[in-house]
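To start, the structure itself, in structure tokens.
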Amino acid sequence: MKNDNELLASAKITSKGQITVPKNIRDMLEVTDGDSIVFFKDQNSNIHIISKKNLKVSPEDNKPSIIVRGGKKNG
């Protein structure tokens with residue numbers, strides 16, 4: 001994995017709010033056609049992206065929270 005704060009890729013948002021996830025990011029997340037990804041904000045207001053296969057979403061105090069399985073966190 002690259003160093004913290006190193007630019008990995010960029011994507012352009014379409015008029016419909018869609019993006020194409022760059023191939024190097026898809027490879028890092030180990031996602032393929034039909035897989036889902038999740039965006040979440042941490043306590044420092046940083047936005048992370050993670051493969052849905054590596055997490056469990058559970059409500060806590062009426063707020064959704066992210067639990068990463070197996071210690072694997074991408075973001």
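All values reported here derive from a predicted model rather than from experimental measurement. Computed over heavy atoms, backbone and side chain alike; hydrogens, waters and symmetry mates excluded.
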Inset, instruction - State the CG-CD distance between Asp35 and Glu30, to the nearest 0.5 angstrom. - result: 10.0 Å
Legend entry - Single-linkage hydrophobic cluster Leu8~Val31, side-chain heavy atoms < 4.5 angstrom: yes
Inset, instruction - Kindly work out whether a path of hydrophobic side-chain contacts (I/L/V/M/F/W/Y, heavy atoms less than 4.5 Å apart) joins Ile37 to Ile19. - result: no
Legend entry - Enclosure of Asp33 CG (heavy-atom neighbours >12, cutoff 6.0 Å): no
Inset, instruction - Indicate the atoms forming the closest heavy-atom contact of Lys41 with Ile47, along with that distance. - result: CB-CD1, 3.8 Å
Inset, instruction - Would you check if the side chain of Asn44 reaches a backbone N or O of Asn46 as a donor-acceptor pair within less than 3.5 Å? - result: no
Legend entry - Minimum heavy-atom distance between Ile25 and Ala9, given as atom pair plus value: CG1-CB, 3.8 Å
Inset, instruction - Before giving the answer on side chain to side chain contact (heavy atoms under 4.5 Å, CB included), spell out for Phe40 and Ile50 the whole-Å C-alpha distance, their side-chain angles and the decisive distance to 0.1 Å. - result: CA-CA 8 Å; Phe40 69 95; Ile50 189 168; 3.9 Å; yes
Inset, instruction - Take Ile13 and Gln18 through the side chain to side chain contact (heavy atoms under 4.5 Å, CB included) test and state the conclusion after the steps. - result: CA-CA 5 Å; Ile13 301 173; Gln18 299 171 326; over 6 Å; no
Legend entry - Taking every non-hydrogen atom, the tightest pair across Arg26 and Val21: NH1-O, 2.5 Å
